[in-house]
Q: 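Below you'll find the structure I mean.
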Number of protein chains: 2
Amino acid sequence: MTGSYLKGRIRREDIITATVAVYAEAGYHGSSLREIARRVGITHAGLLYYFPTKEALLAAVLERRDAEDTERERLSVPPGLDALRRLVALAAHNMRHPGIVDLYARLAAEAVTVDHPAHEYFEQHYRMARGYAVESFRALAARGELRAGTDPEWAGLTFVALMDGLQVQWLSNREEVDLVGSLRFYLQNLLTVPLDQDQP
Amino acid sequence: MTGSYLKGRIRREDIITATVAVYAEAGYHGSSLREIARRVGITHAGLLYYFPTKEALLAAVLERRDAEDTERERLSVPPGLDALRRLVALAAHNMRHPGIVDLYARLAAEAVTVDHPAHEYFEQHYRMARGYAVESFRALAARGELRAGTDPEWAGLTFVALMDGLQVQWLSNREEVDLVGSLRFYLQNLLTVPLDQDQP
DNA sequence: CCTACCGATCGGTAGG
DNA sequence: CCTACCGATCGGTAGG
């Protein structure tokens, strides 16, 4: 039996990987199936054999990201100081994979239009991220580790927005923008305890 | 004499206004000269009589924005607390003109690619904004109005990034995101003096 | 400013 | 998966 499902699964993964790269360079609307297919070494019609429409391909890209996030979530800590530390570590990790940062910055900006196929995805994505951050700040507040008068709602909202805003600036000028340092600065300003430490 | 320069100038302004709206909806790459022309009531070839290429039209859009900013600059205050207040007021003003917020969020994200025709514009734009914010925080620090241990460099960088990040989130969900409140929350957290007050 | 056109490119389909 | 094709749309030009 030559026809193995495995081969097709690998092909799909290859296509999605190439798609992420092309989206990062040109955005969703600016990308063409032909360019993506070229990088995989097939024709655009061949690509459409695996993903029937351009939109289905976008959905697959977002689904893979969700799957990765869920995998990470499984290992993840409950909301709190460690959770915020982990988000900073995630930002540091992203800086070593600029393509992913590119992709999300571009897609998120494109998707603010309600009729964009990824609009709902990002709305939900932001809501989840905000919720996680807000819960973390609430946990800190309960332990008296949040500065007096600091509203966990505001803190969570601004923290998530800051992560995104910093990423766009960092993309456009990687020398002048210290992404991780800025996040740490921001967090430390809200805390009554040191952000680091406690690990031997 | 029927051929008045005035008519042409007005036409150009009309075209730029329509362009801003279309960019906001579709981004630069996603916009077509035909759609822009349609809104002005001419053909796309007619549009190219006024702006010889698609890129020249983009340049005109950015130039007009710069002109408006310069006009505002003329009335503007020196770096300091009033300057930061004014930036918050600008954000509040932008919320009443979502099209402009849309336009800049989308263009900025598109333009992170080095070969984008607006790349240099945004790099310069961010540098200026950061510089203005940093100078403001420095002035505050000199007057002892900045919290102890707060680095003006970090404060300026994060403030500008926060403005941008909040705008994207606000665009995607205008009910749940309080843009101005978040900015005020952030600023107040860095200050030793009340952000408001002092005006009768 | 328009009509009329160009070559290029797009997403998608038919038919194997 | 490919070849071959479709209709639609793109930015730009010629020629008035």
Side-chain angles (χ1 to χ4, degrees), chain A residues 1-23 25-62 106-107 110-111 113 115-118, chain B residues 1-23 25-62 106-107 110-111 113 115-118:
Chain A
M1 252 152 253
T2 25
S4 147
Y5 287 139
L6 179 63
K7 201 173 130 198
R9 275 218 318 272
I10 291 175
R11 207 33 143 197
R12 281 169 174 272
E13 285 305 312
D14 287 348
I15 292 171
I16 294 176
T17 300
T19 306
V20 167
V22 175
Y23 282 2
E25 291 170 26
Y28 170 70
H29 286 305
S31 300
S32 75
L33 299 180
R34 282 168 173 86
E35 172 60 19
I36 296 166
R38 196 191 58 75
R39 300 201 188 188
V40 183
I42 60 177
T43 66
H44 92 284
L47 192 158
L48 287 166
Y49 165 77
Y50 290 104
F51 300 97
T53 65
K54 192 185 184 187
E55 217 165 293
L57 181 54
L58 171 61
V61 166
L62 299 178
R106 298 201 48 138
L107 272 188
E110 265 188 82
T113 315
D115 62 328
H116 192 285
Chain B
M1 252 154 258
T2 25
S4 147
Y5 287 137
L6 180 63
K7 200 172 131 199
R9 275 217 316 273
I10 292 176
R11 204 41 138 189
R12 281 168 173 273
E13 286 305 311
D14 288 348
I15 291 171
I16 294 176
T17 300
T19 305
V20 167
V22 176
Y23 282 1
E25 291 171 23
Y28 169 71
H29 286 304
S31 299
S32 74
L33 299 179
R34 281 168 173 87
E35 171 60 20
I36 295 166
R38 196 191 58 77
R39 300 201 189 189
V40 183
I42 60 178
T43 65
H44 91 283
L47 192 159
L48 288 167
Y49 166 77
Y50 290 104
F51 300 96
T53 64
K54 193 186 185 187
E55 215 165 294
L57 181 55
L58 171 60
V61 167
L62 298 178
R106 298 201 47 134
L107 272 189
E110 265 188 81
T113 315
D115 62 327
H116 193 284

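Order of the sequence lines fixes the chain letters, A, B, ..., with proteins taken first and strands second; residue numbering starts at 1 for each chain.
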Q: Is a donor on one side and an acceptor on the other found under 3.5 Å between the side chain of Thr113(B) and the backbone of His116(B)?
A: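 Pair absent, no side-chain N/O of Thr113(B) close to backbone of His116(B).
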Q: Residues in side-chain contact (heavy atoms from CB on, under 4.5 Å) with Thr17(A), at least two apart?
A: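 Result, side-chain contact (heavy atoms from CB on, under 4.5 Å) vs Thr17(A): Arg64(A).
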Q: Is it possible for you to check whether Arg106(B) lies under 6.0 Å from the centre of the six-membered ring of Tyr28(B), through NZ or CZ, and within 45° of that ring's axis?
A: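 Output no; distance or angle outside limits.
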Q: Measure from the side-chain N and O atoms of Arg12(A) to the backbone N and O of Tyr50(A), and report whether any donor-acceptor pair falls under 3.5 Å.
A: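 Indeed, once roles are kept as given, a pair shorter than 3.5 Å links the two residues.
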Q: Would you please name every residue forming a side-chain contact (heavy atoms from CB on, under 4.5 Å) with Glu35(B), sequence neighbours left out?
A: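 With neighbours one apart ignored, the set is Val22(B), Ser32(B), Arg38(B), Arg39(B).
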Q: Which parts of nucleotides 4-16 of chain D does protein reach within less than 4.0 Å, heavy atoms only, written one letter per nucleotide 5' to 3' as B for base, S for sugar-phosphate only and - for none?
A: ------BBBB---
Q: With sequence neighbours excluded, tell me which residues meet side-chain contact (heavy atoms from CB on, under 4.5 Å) with Leu48(B).
A: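 Listed in chain order: Leu33(B), His44(B).
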Q: What pairs with Ala26(B) under side-chain contact (heavy atoms from CB on, under 4.5 Å), at least two apart in sequence or on another chain?
A: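 Ala26(B): side-chain contact (heavy atoms from CB on, under 4.5 Å) contacts with Ser31(B).
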Q: Toss me the dot-bracket line for DNA chain C: Watson-Crick and G-U wobble, both under 3.5 Å, 5' to 3', using | for pairs to another strand and [ ] for crossers.
A: ||||||||||||||||
